[in-house]
Amino acid sequence: MCDCCKGHELPKTYDHSEVEQKWYAFWEEHGYFSHKNNAGGEPFSVVMPPPNVTGQLHLGHAVDNTMQDILTRWHRMQGHQTLWVPGCDHAGIATQAKVEEHLAKDGVSKYDLGREAFVDKVWEWKHQYHDRIVRQLKMLGSSCDWDQERFTLDEGCNDAVNEVFVRLFNEGLIYRGTYIINWCPKCQTTISDIEVEHSDHAGHLWYLRYPLADGTGYVTVATTRPETMLGDTAVAVNPADERFSALVGKKIMLPLMNREIPIIADDYVDMEYGTGAVKITPAHDPNDFEMGLRHNLPQITVIGKDAKMNENAGAYQGMDRDECRAAVVKAMDELGLLEKIEDITHAVGECYRCGSVIEPLISPQWFVKMEPLAKPAIEAVKNGDIRFVPQRFEKIYLGWLENIRDWCISRQLWWGHRIPVWYCGDCGEVICQKEEPHTCPQCGSAKLTRDEDVLDTWFSSGLWPFETLGWPDMEEMAKLKKFYPTSVLVTGRDIIFFWVARMIFTGLHFMEEKPFSDVFIHGLVLDAQGRKMSKSLGNGIDPIEIIEQYGADPLRFMLITGNTPGNDFRFQMERLEASRNFCNKIWNASRFVLMNLDDYQPGAGELKYSLADKWILSELKAAAASISANLGKYELGEAARAVYDFTWDYFCDWYIETAKPRLYGEDKQERYTAQTVLVQVLDNILRLLHPFMPFITEEIWQALPHEGETIMLAAWPQADAMPDYPAEAEIMRLNMEAVRAIRNIRAEMSVQPGKKVELIFATDTAAEGLKQGEMYIKALAGANSMTILPANSGKPEQAAAAHIRGVDIYLPLKGLIDLDKEIARLDKEIANMDKEIKRLEGKLANQGFLAKAPEAVVAGEREKLAGYTEKRQSLLARVDELKGLN
RNA sequence: GGAGGUAUAGCUCAGUUGGUUAGAGCGCUCGCCUCACAUGCGAGAGGUCACAGGUUCGAAUCCUGUUAUCUCCACCA
């Protein structure tokens with residue numbers, strides 16, 4: 001090999017850890033990840049779903065980032081100007097909770113530190129975890145543009161958040177109001193509706209008797225939360241319910257509290273459920289809250305933010321809500337007002353973070369008015385401007401947005417974007433602006449205090465596609481213009497509501513343009529038993545350990561094969577091993593190629609393509625076309641499988657074997673041609689595989705003779721530009737069939753693997769083709785001679801037979817043939833043919849089929865029938881001959 | 001209470017607009033350390049495509065229902 005080619009022999013074993021580190025560093029040093037490469041190319045941009053900065057990468061991230069990396073690398077190789085923006089999310093509640101937990105170990109609370117010092121602590125924490133996440137992303141091979149890395153709480157994002165908040169405020173789309181919200185007593189903050197998780201719990205339905213104030217009887221109400229009766233301000237019945245029609249308008253004397261409350265009528269009440277009469281607690285139930293507004297009922301808060309009964313709870317003040325429940329039931333029972341207790345299961349709302357039971361509370365909070373924002377977000381998906389892959393997720397998305405309620409965005413936390421609102425201590429003016437005001441614009445007072453709350457984390461991550469591209473900084477407009485809207489968003493289906501929907505409506509509102517064209521949704525990674533991976537089950541798998549043991553390439557390959565977009569899939573070590581074995585296969589095939597290039601000089605000779613060359617080049621073209629087409633459809637698994645099959649089955653199992661006799665033969669031109677095709681096909685395999693397995697492909701590619709610094713920027717194989725030779729490929733396939741048939745006979749007749757045999761073919765139609773393939777048939781089927789006779793002329797006696805398209809194959813086995821065994825073998829094959837022939841004859845006798853099926857299909861079936869019939873006759877004739885000998 | 005996913009070989013899963021003798025990996029059987037690879041090579045066995053109807057010349061594929069299983073959504077106290 002010439003000096004210009006850096007070719008060298010590869011070590012016997014592939015050391016992934018050394019190779020991976022080496023090439024990642026190489027790529028980074030040379031700036032290959034930068035969006036400045038391929039300048040002028042069609043833009044392709046992706047923003048990384050920012051991992052929570054307090055966490056570490058789990059397999060979900062690994063899938064997500066592998067998919068993004070595959071798409072990014074694929075586009076980069078196509079000459080597109082790619083930008084993949086990495087970043088982390090500050091993850092308000094999660095991070096704050098972690099740091100609080102950490103501090104608690106030393107007996108320190110956030111209040112001991114104070115807001116500023118506490119936030120400093122969280123930043124320290126953030127840096128530590130951030131570095132770990134970046135390291136993990138790099139280990140995975142992520143080719144993101146690290147110079148563009150962002151953090152949802154960095155200055156730029158803060159600027160974007162303030163800009164958005166102020167604009168929405170001025171547009172009347174953000175408002176502050178006192179409504180019933182979801183309160184987490186443990187996290188001590190509000191959470192939004194989607195952060196409440198509902199799960200079924202065994203509970204009770206208590207039937208409580210509420211005496212009428214006039215002493216004429218009582219109304220029985222059923223409740224799952226007796227403790228809230230202390231805050232009841234009405235009993236409601238359905239207006240159509242005749243059982244209660246006489247009672248509407250009367251008063252109840254609320255037991256334990258001795259307050260009079262009205263009996264009201266409201267359509268909301270379900271006559272079928274419970275007793276048909278419902279106690280109404282506007283301050284502690286969202287439905288009751290609504291009803292309270294409709295009927296002007298007082299709101300009596302009896303449970304505080306600590307989930308304990310407050311001063312309005314009378315004798316129960318200070319009790320925990322559960323404790324109070326027991327006490328109330330007991331007291332009612334003692335008063336003879338407990339009618340019965342029913343066991344039920346019902347959904348209980350819990351905090352997604354800590355699992356505490358959510359307490360609905362009335363509290364002043366900030367909200368985003370959703371209806372005007374949701375409308376265009378719905379429209380953009382309905383009209384196909386934004387496309388979900390797989391499409392079924394569109395329904396989920398639309399269903400949510402169509403029933404959306406206003407979004408509570410204020411959080412009683414310290415870690416996050418502080419709400420840009422100040423209150424005037426003198427005149428009460430509410431000042432919302434990006435810069436801190438010094439005096440009240442209304443009264444000039446300097447007594448201004450800033451709102452204590454921070455924003456929901458998703459408020460900032462919802463701006464991710466444009467804030468990371470520089471918005472609203474005017475100096476970044478060129479980049480924004482080039483890469484917005486981004487090309488595709490890759491994410492798990494679990495955050496369609498939390499994140500995807502919000503990016504869409506903020507993008508449409510502020511950029512007046514969708515944030516991305518495609519939303520590529522993937523499923524969850526489950527454990528080998530099909531369970532969700534979770535901390536509590538302890539069944540989580542650390543991708544880093546996998547990478548250390550097997551390498552990033554096998555992990556990546558395993559994560560995207562063997563499943564369909566959007567479906568969950570199981571993590572199985574067997575599949576990981578299969579991927580690892582594939583790496584090994586490529587490694588060794590490459591070693592084989594390289595160790596046969598000692599005298600090879602690219603372009604230095606005349607090519608003389610043989611059958612096998614033309615066949616593999618034709619198959620390469622087909623594989624390249626299939627891989628590109630599948631990548632274009634986000635069928636990553638199918639694309640990867642196509643590379644795998646082509647590489648293993650066609651290239652390794654067949655082509656390399658056909659190359660051997662030519663590499664080791666006398667003919668210099670044949671050797672040179674085989675070398676050229678081996679190198680060429682391997683080079684294409686590496687490029688086709690590179691998006692999936694970036695490391696091993698770079699390692700091998702660097703050892704091959706070619707131009708270019710890195711496979712990352714090598715041209716993606718374009719099927720359109722590749723040659724194919726359908727006729728020769730077909731002849732090669734016939735030869736391959738012959739080889740398989742002979743190998744089958746050898747195995748079934750227990751011919752020693754090393755033993756060379758003589759072959760006799762009888763054919764009129766395929767003689768030329770077999771002659772062309774003689775070298776391969778001999779080498780691959782273990783033959784030392786091949787005789788081609790006219791059809792029906794052979795009939796050697798001591799021989800095993802087979803038949804393939806127009807060819808009788810005989811394998812003379814003097815003394816080795818057990819006639820009965822051979823007849824039985826042939827009979828089995830004949831029976832097989834009989835079955836198929838019968839099926840096809842039936843089909844072709846069907847007038848409907850002949851009349852309505854496309855001609856090509858009918859012709860195809862006829863051809864098949866002819867083939868089977870011919871084979872059957874040939875084998876039958878052979879059986880007759882053998883029987884005659886018997 | 002709604003909505004959706006899944007059901008194909010012993011296991012885990014592919015099968016892209018209806019037409020292939022229904023495929024892969026692992027496992028299993030038989031034979032091989034054949035000078036790239038035993039993380040391998042060659043040859044096999046193994047499936048009434050959950051069940052019942054329907055549409056069609058033709059269904060694993062489309063429609064309806066049933067069953068099983070997973071998931072999401074939901075203000076029935």
Side-chain angles (χ1 to χ4, degrees), chain A residues 10 12-14 194 198 205 221-225 228 236 268-270 272-275 277-281 285-291 346-347 349 360 390 392-393 395-396 399-400 403 493-494 496-497 523-524 526 528 530 532 561-564 566-570 572-575 577-596 629-630 633 635 637-638 641 644-645 652-653 656-657 660 664 740 743-748 750-754 780 782 832-833 835-836 839-840 843 846-854 856-858 860-861 864 868:
Chain A
L10 299 171
K12 175 130 187 159
T13 53
Y14 173 60
I194 43 172
H198 299 269
L205 197 53
V221 298
T223 179
T224 55
R225 299 197 60 194
T228 62
Y268 163 76
V269 180
D270 180 352
E272 309 296 319
Y273 193 86
T275 63
V278 196
K279 60 187 270 320
I280 301 300
T281 323
D285 181 282
N287 301 310
D288 294 5
F289 177 81
E290 294 294 329
M291 201 187 295
H346 63 138
R392 66 172 186 273
F393 291 105
K395 258 181 277 177
I396 295 174
W400 186 70
N403 298 299
R493 56 146 212 261
D494 48 331
I496 292 176
F497 306 145
L524 270 44
L526 309 174
K532 247 188 202 174
T561 46
N563 88 307
T564 315
N567 285 1
D568 293 348
F569 65 102
R570 301 183 188 199
Q572 288 180 296
M573 292 310 279
E574 294 79 14
R575 294 197 27 234
E577 280 166 16
S579 297
R580 189 266 324 266
N581 294 351
F582 182 48
C583 275
N584 185 254
K585 191 72 187 174
I586 296 158
W587 183 253
N588 280 292
S590 305
R591 281 181 61 225
F592 172 81
V593 172
L594 287 162
M595 65 180 60
N596 284 291
N630 280 304
K633 290 187 291 185
E635 293 276 356
E638 278 296 286
R641 196 174 61 91
Y644 181 98
D645 289 347
C652 294
D653 287 347
I656 285 184
E657 296 307 319
K660 283 178 181 173
Y664 306 148
R740 275 191 217 101
R743 282 171 171 175
N744 176 281
I745 292 172
R746 292 183 60 123
E748 298 221 3
S750 303
V751 177
Q752 296 254 314
L780 302 188
N832 199 7
M833 286 302 107
K835 202 180 78 188
E836 287 307 316
R839 192 179 64 81
L840 285 173
K843 204 168 184 180
N846 183 335
Q847 288 308 312
F849 175 69
L850 296 176
K852 296 192 180 174
V857 172
V858 177
E861 299 295 286
K864 263 189 267 174
Y868 295 153

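From a predicted model like this one, the values you see are computed outputs, not experimental measurements. Just so we're on the same page: letters track the sequence lines, and every chain starts at 1.
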Taking only nitrogen or oxygen atoms into account, show me every contact under 3.5 Å that the protein makes with nucleotides 43-48 of chain B, one pair per line with its distance.
| unit_1 | atom_1 | unit_2 | atom_2 | d |
| --- | --- | --- | --- | --- |
| B/A43 | O3' | A/Asn744 | ND2 | 3.1 |
| B/G44 | OP1 | A/Asn744 | ND2 | 2.0 |

Collect all protein-nucleotide pairs involving nucleotides 73-76 of chain B in which both atoms are nitrogen or oxygen and the distance is under 3.5 Å.
| unit_1 | atom_1 | unit_2 | atom_2 | d |
| --- | --- | --- | --- | --- |
| B/C75 | O2' | A/Asn287 | ND2 | 2.6 |
| B/C75 | N1 | A/Asn287 | OD1 | 2.9 |
| B/C75 | O2 | A/Asn287 | OD1 | 2.9 |
| B/C76 | O2 | A/Asp270 | OD2 | 2.3 |
| B/C76 | N3 | A/Asp270 | OD2 | 2.8 |

Between the protein and nucleotides 58-60 of chain B, are there any N/O to N/O pairs under 3.5 Å, and if so, what are the atom names and distances?
none

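For A/Cys652, counting side-chain heavy atoms from C-beta on, the closest listed nucleotide (B/A14, B/G42, B/A36) is B/A36. The nucleotide whose nearest atom lies closest to any side-chain atom of A/Asn581 is, among B/G42, B/G40, B/U21, B/G40. In the set B/U16, B/A14, B/U12, the nucleotide with an atom closest to the side chain of A/Gln572 is B/U12. Side-chain proximity of A/His346 to the nucleotides B/C37, B/A77, B/C13 is greatest for B/A77. In the set B/G31, B/A36, B/G19, the nucleotide with an atom closest to the side chain of A/Glu657 is B/A36. When distances are taken from the side chain of A/Glu638 to each of B/G19, B/U21, B/G15, the shortest belongs to B/G15.
Applying the 4.0 Å criterion to OP1 and OP2 of B/G25, one finds that A/Lys585 has every side-chain N and O outside that range. Listed pair A/Lys852 / B/G19 fails the phosphate criterion, with no side-chain N or O lying under 4.0 Å from OP1 or OP2. Residue A/Tyr644 places none of its side-chain N or O atoms closer than 4.0 Å to OP1 or OP2 of B/A14. In this structure, A/Lys835 does not reach the B/U21 phosphate: none of its side-chain N or O atoms is under 4.0 Å from OP1 or OP2. Considering only side-chain N and O atoms, A/Thr564 lies under 4.0 angstrom from the phosphate OP1 or OP2 of B/G15. For the OP1/OP2 pair of B/A36 and a distance below 4.0 Å, the side-chain nitrogens and oxygens of A/Lys660 include at least one atom meeting the criterion.
No engagement by A/Asp288 is indicated, since no non-hydrogen atom pair under 4.0 Å with the nucleic acid exists. Here A/Val269 lies in heavy-atom contact (under 4.0 Å) with a base. Across all strands shown, A/Ala851 has no heavy atoms under 4.0 Å from either base or sugar-phosphate atoms. Across all strands, A/Arg746 comes closer than 4.0 Å to no nucleic acid atom at all (heavy-atom distances).
Atoms CG (A/Asn630) and C1' (B/G15) sit 12 Å apart, rounded to a whole Å. Remark: P of B/U34 and CZ of A/Phe592 are 15 Å apart, rounded to the nearest angstrom.
Annotation: side chain to side chain donor-acceptor pair (under 3.5 Å) contacts of A/Arg392 (sequence neighbours excluded): A/Asn567. Every residue was checked against the salt bridge (charged side-chain N to carboxylate O under 4.0 Å, His left out) condition with A/Arg580, not counting sequence neighbours, and none meets it. Every residue two or more places apart in sequence or in another chain was checked for a salt bridge (charged side-chain N to carboxylate O under 4.0 Å, His left out) with A/Asp285, and none qualifies. Partners of A/Glu574 by side chain to side chain donor-acceptor pair (under 3.5 Å), not counting sequence neighbours: none found. Here A/Lys395 pairs with nothing under the salt bridge (charged side-chain N to carboxylate O under 4.0 Å, His left out) rule; sequence neighbours left out. Taking the side-chain contact (heavy atoms from CB on, under 4.5 Å) definition, one finds that A/Ala222 meets it with A/Leu205, A/Tyr207, sequence neighbours left out. With sequence neighbours excluded, the residues forming a side chain to side chain donor-acceptor pair (under 3.5 Å) with A/Lys660 are A/Glu657, listed by chain and number.
Atom name P, nucleotides B/G1 and B/U12: the rounded distance is 30 Å, in whole Å. Between B/A22 and B/A38, the two P atoms lie 35 Å apart (nearest whole Å). The same atom, C1', is picked in B/C62 and in B/G19; the two are 14 Å apart, to the nearest Å. Between B/G27 and B/G44, the two C1' atoms lie 14 Å apart (nearest whole Å). For the C1' atom pair drawn from B/U29 and B/A9, the interatomic distance equals 15 Å after rounding to whole Å. Of the C1' atoms belonging to B/C33 and B/G40, the separation is 9 Å, rounded to the nearest Å. Rounded to a whole angstrom, the distance from the P atom of B/A45 to that of B/A50 is 23 Å. Comparing the P positions of B/C11 and B/C51 gives an interatomic distance of 15 Å, to the nearest angstrom.
Taking each heavy atom of A/Val858 and A/Leu850 in turn, the nearest pair found is CG1-CD2, 3.8 Å.
Here NE2 of A/His346 is found 5.0 Å from OG1 of A/Thr224. Values are rounded to the nearest 0.5 Å. In this structure, CG in A/Asn630 is found 5.0 Å from NZ in A/Lys633, a value given to the nearest 0.5 Å. For the atom pair A/Arg575 CZ and A/Arg570 CZ, the distance stands at 11.0 Å (nearest 0.5 Å). With rounding to the nearest 0.5 Å, the separation of CE in A/Met833 from CG in A/Leu840 is 10.0 Å.
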- Item | A/Ile586 and A/Tyr14: CA distance, side-chain angles, deciding distance, side chain to side chain contact (heavy atoms under 4.5 Å, CB included) verdict | CA-CA 10 Å; A/Ile586 296 158; A/Tyr14 173 60; over 6 Å; no

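At distances below 3.5 Å, at least one donor-acceptor pair connects side-chain atoms of A/Asp568 with backbone N or O atoms of A/Leu524. Looking at A/Asn588, its side chain does come within 3.5 Å of a backbone N or O of A/Asn584 through a donor-acceptor pair. Although no hydrogens or angles enter the test, the distance criterion places no donor-acceptor pair under 3.5 Å between the side chain of A/Arg641 and the main chain of A/Thr561. Side-chain atoms of A/Arg743 never come within 3.5 Å of backbone atoms of A/Gly782 as a donor-acceptor pair (strictly under, hydrogens ignored).
You'll find a donor-acceptor pair under 3.5 Å spanning the side chain of A/Arg580 and the base of B/U39, going by distance alone.
The residue among A/Gly562 and A/Arg839 whose nearest nucleotide of RNA chain B lies closer to the 5′ end is A/Gly562. Between A/Lys279 and A/Lys633, the residue whose closest nucleotide on RNA chain B is further toward the 5' end is A/Lys633.
By the 4.5 Å heavy-atom criterion applied to side chains, A/Tyr268 and A/Glu290 are not counted as neighbours.
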- Query: What string of B, S and - do you get for nucleotides 3-10 of chain B 5' to 3' if you count protein non-hydrogen atoms under 4.0 Å?
  - Reply: -SS-----

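In this structure, A/Phe582 and A/Tyr644 have tilted ring planes: the angle between them lies in the 30° to 60° band.
Stem regions annotated for RNA chain B: B:1-7 with B:67-73, B:10-13 with B:23-26, B:28-32 with B:40-44, B:50-54 with B:62-66, counting only runs of 3 or more consecutive pairs of Watson-Crick or G-U type with both contacts under 3.5 Å.
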